[in-house]
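What you see is a predicted model; the values in this text were computed from it and never measured.
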Amino acid sequence: MEKLIINCEKKDKIANILCQKGFSYNYVCKLLRNKDIRIDDMKIKDNIEVEQGCKITVFYSAVELQKTMEIVYQDDNIIIVNKPASIEVEGHDGVAERLNAYAVHRLDRNTQGLLILAKTQEAKEILLQAFKDRVVEKRYLAEVIGSTHFDGKELSAYLVKDSSQSQVKIYDKKVKGAVLIINKFKTLKSTSASSIVECELITGKTHQIRAHLAYLGHPIIGDGKYGKNIDNKKYKQKYQMLHCYYIKFRNLAGSLTYLNGQSFVKYPDFYKKS
């Protein structure tokens, strides 16, 4: 059994807190039945409300938790998971730590979708170089505000990172400290209220898709940083509706050449329902 300690940041039901950490609701219920959850060192069996500042201790099976994260593919070298929103890729209790694997690229905490991790040091080095050489193709799906008419052509802009605010700003011309960003946006479905857009990264910078779409007047629904609160409340979304749905390997070297040409697809619920 693994042990996870969570300091409760706000008053909420125990199931809500653990589901935000990647546990499935059914698994939380099982942990409660087995009295594997403690609040301030007291065992509990009911889905009680936890006060801010309380210490939550969870004794869980790493195998069971992996199941809640949904493994899309794995072999002796790599693992690809469908990362839920609200979980970091790295750091304490991040995906890499939970799976005991190496992160070779990142998704924002509140972005969901396909995430590749390496199981061995050799695989890690090959994949890190592959991402540096841009031979791993990634595509995203986003639901954005408003009607869009993107045709899949490359769109460029300039991005300036503001580390003090943990965000970026987009400009149409090069300014001091700016780097070029390029995205391909293609409208898959559009209404007057919202659109489903396929996003392909040509460059890969912090918050590139989120900030670029917002700059173009179509922020991603649920994006608390680049969107508008009034829109997010209207759609009742706490996390941005941005999902890495497609990965394809090209020109991998060494022991991972068997993956070349292979692609993996996982559609988000907001696309399935559209």
Side-chain angles (χ1 to χ4, degrees), residues 16 19-20 70 72 82-87 106-115 137-162 165-173 175 178-248 263-274:
N16 292 338
C19 286
Q20 290 176 5
E70 186 182 3
V72 176
N82 182 22
K83 185 188 91 66
S86 82
I87 300 179
R106 67 186 300 274
L107 295 176
D108 293 336
R109 174 186 175 87
N110 292 331
T111 297
Q112 57 185 287
L114 296 177
L115 178 72
E137 182 180 346
K138 290 192 298 177
R139 297 181 189 175
Y140 296 72
L141 290 174
E143 185 167 4
V144 304
I145 296 294
S147 177
T148 66
H149 303 281
F150 298 122
D151 59 6
K153 293 180 180 178
E154 291 187 0
L155 298 176
S156 61
Y158 292 89
L159 177 150
V160 176
K161 187 175 182 180
D162 184 350
Q165 299 296 321
S166 298
Q167 65 181 26
V168 303
K169 293 183 178 180
I170 304 296
Y171 299 87
D172 61 352
K173 296 181 181 179
V175 298
V179 294
L180 177 68
I181 61 168
I182 305 173
N183 288 302
K184 287 184 179 180
F185 295 133
K186 182 179 181 180
T187 300
L188 302 185
K189 179 184 178 181
S190 185
T191 69
S192 60
S194 69
S195 302
I196 302 292
V197 177
E198 182 188 63
C199 317
E200 183 179 350
L201 292 164
I202 305 304
T203 57
K205 303 298 179 183
T206 301
H207 299 176
Q208 175 176 314
I209 291 174
R210 296 165 59 192
H212 199 178
L213 283 169
Y215 174 78
L216 294 170
H218 301 286
I220 297 172
I221 294 172
D223 192 334
K225 192 178 290 287
Y226 300 104
K228 296 180 180 179
N229 287 336
I230 189 172
D231 292 326
N232 298 337
K233 288 181 179 178
K234 175 183 175 182
Y235 287 93
K236 299 180 181 179
Q237 290 295 328
K238 294 193 300 181
Y239 307 118
Q240 60 249 16
M241 298 179 76
L242 178 64
H243 180 102
C244 181
Y245 86 99
Y246 176 91
I247 285 176
K248 184 174 183 178
S263 59
F264 302 89
V265 176
K266 184 66 182 181
Y267 290 107
D269 288 340
F270 66 80
Y271 180 72
K272 294 175 185 175
K273 295 174 182 177
S274 64

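Between the NZ atom of Lys184 and the CG atom of Asp151 there is a distance of 11.0 Å, given to the nearest 0.5 Å. Atoms CD1 and CG, from Ile209 and Asp223 in turn, are 11.5 Å apart once rounded to the nearest 0.5 Å. Note: Glu198 CD to Arg139 CZ = 5.0 Å, rounded to the nearest 0.5 Å. Summarising the geometry, atom CD1 belonging to Ile221 is positioned 8.0 Å from atom CG belonging to Asn232; distances are rounded to the nearest 0.5 Å. The line from OG1 of Thr191 to CD1 of Ile196 is 9.0 Å long, rounded to the nearest 0.5 Å. Interatomic distance, CZ of Arg109 versus CD of Gln240, reported as 11.0 Å (0.5 Å rounding).
Side-chain atoms of Ser263 and Glu137, non-hydrogen and from C-beta on, never get closer than 4.5 Å to each other. For the pair Gln237 and Glu143, the minimum side-chain heavy-atom distance is 4.5 Å or more. Within the 4.5 Å cutoff, no side-chain heavy atoms of Asn110 are placed close to those of Lys238. You'll find the side chain of Phe150 reaches within 4.5 Å of the side chain of His218, heavy atoms only. Residues Leu180 and Tyr158 are in side-chain contact: their nearest non-hydrogen atoms beyond the backbone lie under 4.5 Å apart. Taking 4.5 Å as the limit, some side-chain heavy atom of Leu242 sits within range of a side-chain heavy atom of Arg210. Here the side chains of Leu159 and Val179 are in contact, with some heavy-atom distance below 4.5 Å. In this structure the side chain of Tyr140 reaches within 4.5 angstrom of the side chain of Leu107, judged on heavy atoms.
One finds a salt bridge joining Asp108 and Arg106 here, because a Lys/Arg side-chain nitrogen approaches an Asp/Glu carboxylate oxygen to under 4.0 Å.
Taking the six-membered ring for Trp and the full ring otherwise, Tyr271 and His243 have centroids separated by 6.0 Å or more. Ring pair Phe185/His212: centre-to-centre distance below 6.0 Å.
Side chain of Lys186 to main chain of Glu200: no donor-acceptor pair is present (N/O by atom type, distance under 3.5 Å, no hydrogens or angles). A donor-acceptor contact shorter than 3.5 Å is absent between the side chain of Thr148 and the backbone of Ser195. Checking side-chain atoms of Lys83 against main-chain N and O of Thr111 turns up a donor-acceptor pair under 3.5 Å.
For the pair Leu141 and Phe270, the tightest heavy-atom approach, listed with the atom from each and the gap, is O-CZ, 3.4 Å. Closest approach of Gln112 to Pro268, counting heavy atoms only: OE1-CB, 4.3 Å. Of all heavy-atom pairs spanning Gln208 and Ile202, the tightest one is NE2-N, 4.5 Å. Here the shortest heavy-atom pairing between Thr203 and Ile182 reads OG1-N, 2.9 Å. Scanning both residues, Tyr226 and Pro219, for their nearest heavy atoms gives O-CB, 3.8 Å. For the residue pair Tyr245 and Leu114, the shortest heavy atom distance occurs at O-CD1, 3.4 Å.
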